[in-house]
Amino acid sequence: MLDLRLVREHPELIEQQLARRGMALDLTGLQLIACQERDLQQQRSGLQAEGNQIGRDVGERMRAGEAPHSPAVQELRDRGNHIKRQVSVLEEEEKQLEARLRQQLLAFPNLPAAACPEGRSEADNVEVRRWGSPRVEAGLEEHWQLAERLGLLDTERSVRIAQSRFVTLLGQGARLERALINFMLDLHSSRGYREVMPPILVNTASLTGSGQLPKFAEESFRCADDDLWLTPTAEVPITSFHRDELIPAEQLPLRYAAYTPCFRREAGSYGRDTRGLIRLHQFNKVELYWFCHPDHSDAAHVELTGHAEAVLRALELPYRVLDLCTGDLGFSATRTFDLEVWLPGAGAYREISSCSNCGDFQARRSAIRLKDGKKTRLLHTLNGSGLAVGRTMAALLETGQQSDGSVQLPGALVPYFNAASLTADG
RNA sequence: GGAGAGGUGGCCGAGUGGUCGAAGGCGCAGCACUGGAAAUGCUGUAUAGGGGCAACUCUAUCGAGGGUUCGAAUCCCUCCCUCUCCGCCA
């Protein structure tokens with residue numbers, strides 16, 4: 001959420017920054033509402049101050065022994081009543097303005113960071129670096145072909161259980177998924193992340209706090225009877241873990257690593273990536289999350305991205321890093337580095353992690369502040385996949401495929417999977 | 001799901017209509033004492049929003065929302081949550 005003060009005092013700054021995202025906005029209307037709201041508040045609190053004084057006066061007279069219905073007291077009462085009516089009128093107006101303001105503010109995305117490259121779409125994202133040598137050969141299988149042949153998953157029966165875009169992992173496939181989750185969590189724990197396993201049904205306030213609501217309601221599955229939603233990412237429960245908290249500066253940064261299933265409706269993506277593990281309604285993800293001091297969030301962002309990269313390196317999966325341009329930035333992010341893993345079968349880089357600095361955007365929505373001496377200020381939140389587990393499996397399958405039909409696994413995974421390869425009779 | 005109890009500041013805990021943003025304690029910070037520390041003493045220590053260069057000041061907040069009243073932490077209504085017992089259950 002954007003700072004209301006900024007809306008009042010420098011709406012042109014917001015217009016400029018959101019223009020970088022490709023949004024043409026005129027905030028004069030909103031600014032007007034914001035100022036009206038402030039003026040109403042001033043009027044109202046002035047009246048309330050007067051009312052409070054009357055209350056004190058009456059109390060004093062009564063204590064002095066004056067009769068409760070003496071003319072003087074009665075007059076004070078009348079004035080008190082009059083003020084009360086005025087206040088309630090102002091309050092009603094104020095509430096309406098506040099609701100309108102909030103509704104509009106919640107719909108604005110975060111402002112891009114100064115360093116964020118300019119651009120209109122993903123075509124303008126800037127490649128920052130590459131790691132590893134991508135395997136480029138003709139005749140390689142795609143991961144869903146490999147997975148089907150090796151019996152790692154069952155798509156058809158999953159439709160019977162749920163619907164399309166769900167998958168059931170089986171045998172080696174299920175074990176590999178489990179091995180990957182453990183491998184990733186161990187790696188992050190060893191770097192100081194605190195492991196968390198949060199609720200994956202979350203309430204509306206949580207989804208609003210991290211930015212998925214109100215704008216992206218159609219992206220999440222909802223349990224209508226309970227004000228609960230299935231989490232689209234662990235970012236949601238982790239943000240809310242500290243919602244409405246005031247955290248001593250010396251405790252920062254707080255760093256969490258969470259494995260959770262994630263649920264997305266993928267509305268509007270019909271026909272895309274319908275086979276295999278790339279785009280599912282339910283998928284597993286290990287998420288990295290930082291709550292940090294605003295002065296350190298840029299450095300933290302680089303560090304967090306490095307931690308996600310470390311997983312790819314340990315698994316010997318070539319990848320590239322993109323600095324997302326202003327036009328491709330997610331709603332809550334002020335800057336994002338995407339990691340794209342090389343899929344030799346598909347012959348393309350595919351997103352496997354998105355590492356974002358959200359600045360104070362989620363912290364303001366979720367009221368998460370830090371206390372630095374006497375000062376309180378909003379802290380910064382960062383998140384990144386470390387990594388999307390299904391996509392990691394896809395990359396491992398395509399990268400490790402052998403001419404004999406088996407799949408060779410990287411050495412780092414052997415202790416977790418208890419075998420060095422996947423085979424047709426495994 | 002049924003019955004009962006309860007939700008007060010960073011924490012514990014007092015407070016059943018007026019001067020209560022709230023006693024007391026703990027914690028924390030500063031000062032004094034000390035060679036240094038402990039102990040002790042003194043002082044300070046909530047959040048949000050508004051106004052002011054600032055000192056400061058106004059408003060709101062005692063789970064949430066509404067009501068009664070000149071005045072509500074305190075009375076009334078609704079909701080949420082927590083705890084205990086019973087039931088059910090991985």
Side-chain angles (χ1 to χ4, degrees), chain A residues 1-10 30-102 105-106 197-209 223 225-229 237 240-252 254 261 291 360 362-379:
Chain A
M1 192 158 64
L2 302 177
D3 188 358
L4 190 54
R5 227 186 174 125
L6 195 62
V7 173
R8 263 195 323 254
E9 291 167 14
H10 297 289
L30 192 64
Q31 183 193 23
L32 192 68
I33 296 175
C35 292
Q36 277 175 353
E37 193 262 354
R38 196 238 349 244
D39 295 344
L40 273 175
Q41 192 190 332
Q42 281 179 25
Q43 264 187 63
R44 191 212 68 222
S45 59
L47 277 172
Q48 280 174 325
E50 213 179 306
N52 288 343
Q53 187 52 50
I54 290 172
R56 276 190 293 269
D57 288 351
V58 173
E60 218 163 288
R61 282 161 185 271
M62 308 272 274
R63 236 172 303 114
E66 200 165 321
H69 290 284
S70 71
V73 170
Q74 192 55 48
E75 196 197 319
L76 285 173
R77 287 192 166 158
D78 292 344
R79 266 179 59 206
N81 268 323
H82 182 62
I83 286 172
K84 194 160 52 165
R85 279 191 297 274
Q86 285 179 296
V87 165
S88 78
V89 170
L90 289 177
E91 258 175 355
E92 186 54 36
E93 264 181 78
E94 206 181 327
K95 237 189 232 172
Q96 281 178 19
L97 283 186
E98 253 171 38
R100 274 172 68 191
L101 263 178
R102 181 173 163 78
L105 281 177
L106 283 175
M197 211 175 261
I200 51 179
L201 286 173
V202 299
N203 56 36
T204 298
S206 296
L207 272 171
T208 307
C223 311
D225 290 341
D226 295 295
D227 182 35
L228 287 171
W229 308 65
S240 275
F241 187 64
H242 287 296
R243 181 147 49 88
D244 295 320
E245 283 189 19
L246 188 57
I247 299 170
E250 57 276 12
Q251 281 178 22
L252 298 175
L254 293 169
F291 296 87
D360 63 13
Q362 293 177 323
R364 183 173 293 107
R365 286 173 164 248
S366 299
I368 311 173
R369 294 141 304 156
L370 66 89
K371 181 134 203 158
D372 197 355
K374 286 220 161 215
K375 272 190 291 191
T376 53
R377 51 194 293 210
L378 294 168
L379 48 70

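Letters A, B, ... mirror the listed sequences (proteins, then strands); counts begin at 1.
- The nearest heavy atom of RNA chain B to Glu60(A) and to Lys371(A) marks one nucleotide each, and the one closer to the 5' end goes with Glu60(A).
- Residue-level contact check: Arg8(A) touches the backbone only, with heavy atoms under 4.0 Å from sugar-phosphate atoms and none from bases.
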N/O to N/O distances under 3.5 Å, protein versus nucleotides 70-80 of chain B:
residue: rC70(B); atom: OP2; partner: Asn81(A); partner atom: OD1; Å: 3.2
residue: rC70(B); atom: OP2; partner: Asn81(A); partner atom: ND2; Å: 3.4
residue: rG71(B); atom: OP2; partner: Lys84(A); partner atom: NZ; Å: 3.2

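- At a threshold of 4.0 angstrom between heavy atoms, the contacts of Leu246(A) are confined to the sugar-phosphate backbone, with no base atom among them.
- Here the side chain of Ser366(A) pairs no donor or acceptor atom with the backbone of Ala363(A) at under 3.5 angstrom.
- Rounded to whole Å, the C1' atom of rG13(B) lies 32 Å from the corresponding atom of rG2(B).
- With Leu379(A) as the fixed residue, the side chain to side chain contact (heavy atoms under 4.5 Å, CB included) test singles out one of Asp360(A), Leu252(A), Leu254(A), Leu246(A): Leu252(A).
- Between the P atom of rA64(B) and the CG atom of Asp227(A) lies a distance of 18 Å, rounded to the nearest Å.
- Applying the 4.0 Å criterion to OP1 and OP2 of rG51(B), one finds that Arg38(A) has a side-chain N or O inside that range.
- Remark: rU16(B) base-pairs with no nucleotide in the shown strands. Criterion, Watson-Crick or G-U wobble with two distances under 3.5 Å.
- Phosphate proximity of rA60(B) to Ser45(A): absent, as no side-chain N or O sits under 4.0 Å from OP1 or OP2.
- Annotation: rU8(B) and rC85(B) have their C1' atoms spaced 27 Å apart (nearest Å).
- Atom CG of residue Leu40(A) and atom CD1 of residue Ile33(A) lie 11.5 Å apart, to the nearest 0.5 angstrom.
- A distance of about 14 Å separates the P atoms of rG9(B) and rA46(B), rounded to the whole Å.
- Atom-to-atom, CG of Leu90(A) to C1' of rG50(B) comes out at 15 Å; the value is rounded to the nearest Å.
- Nearest nucleotide to the Arg369(A) side chain, out of rA48(B), rU59(B), rG50(B): rA48(B).
- Atom P of rU40(B) sits at a distance of 12 Å from the matching atom of rG25(B), rounded to the whole Å.
- We find the OG-CZ distance between Ser70(A) and Arg77(A) to be 8.5 Å, quoted to the nearest 0.5 Å.
- Leu370(A) contributes atom CG, which lies 10.0 Å from atom CD of Glu250(A) (distance to the nearest 0.5 angstrom).
- A donor-acceptor pair under 3.5 Å is formed between the side chain of Arg364(A) and the backbone N or O of Met1(A).
- For the C1' atom pair drawn from rG17(B) and rA73(B), the interatomic distance equals 11 Å after rounding to whole Å.
- Annotation: rG18(B) and rG71(B) have their C1' atoms spaced 6 Å apart (nearest Å).
- Using atom C1' as the reference point in both rG15(B) and rG7(B), the two lie 15 Å apart (nearest Å).
- rA54(B) sits 38 Å from rA64(B) when the C1' atoms are compared, rounded to a whole Å.
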- request: Take Gln43(A) and Leu47(A) through the test side chain to side chain contact (heavy atoms under 4.5 Å, CB included) and record every step on the way to the result.
  value: CA-CA 6 Å; Gln43(A) 264 187 63; Leu47(A) 277 172; 5.8 Å; no
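- Nucleic acid contact class of Arg44(A) (heavy atoms, under 4.0 Å, all strands): sugar-phosphate only.
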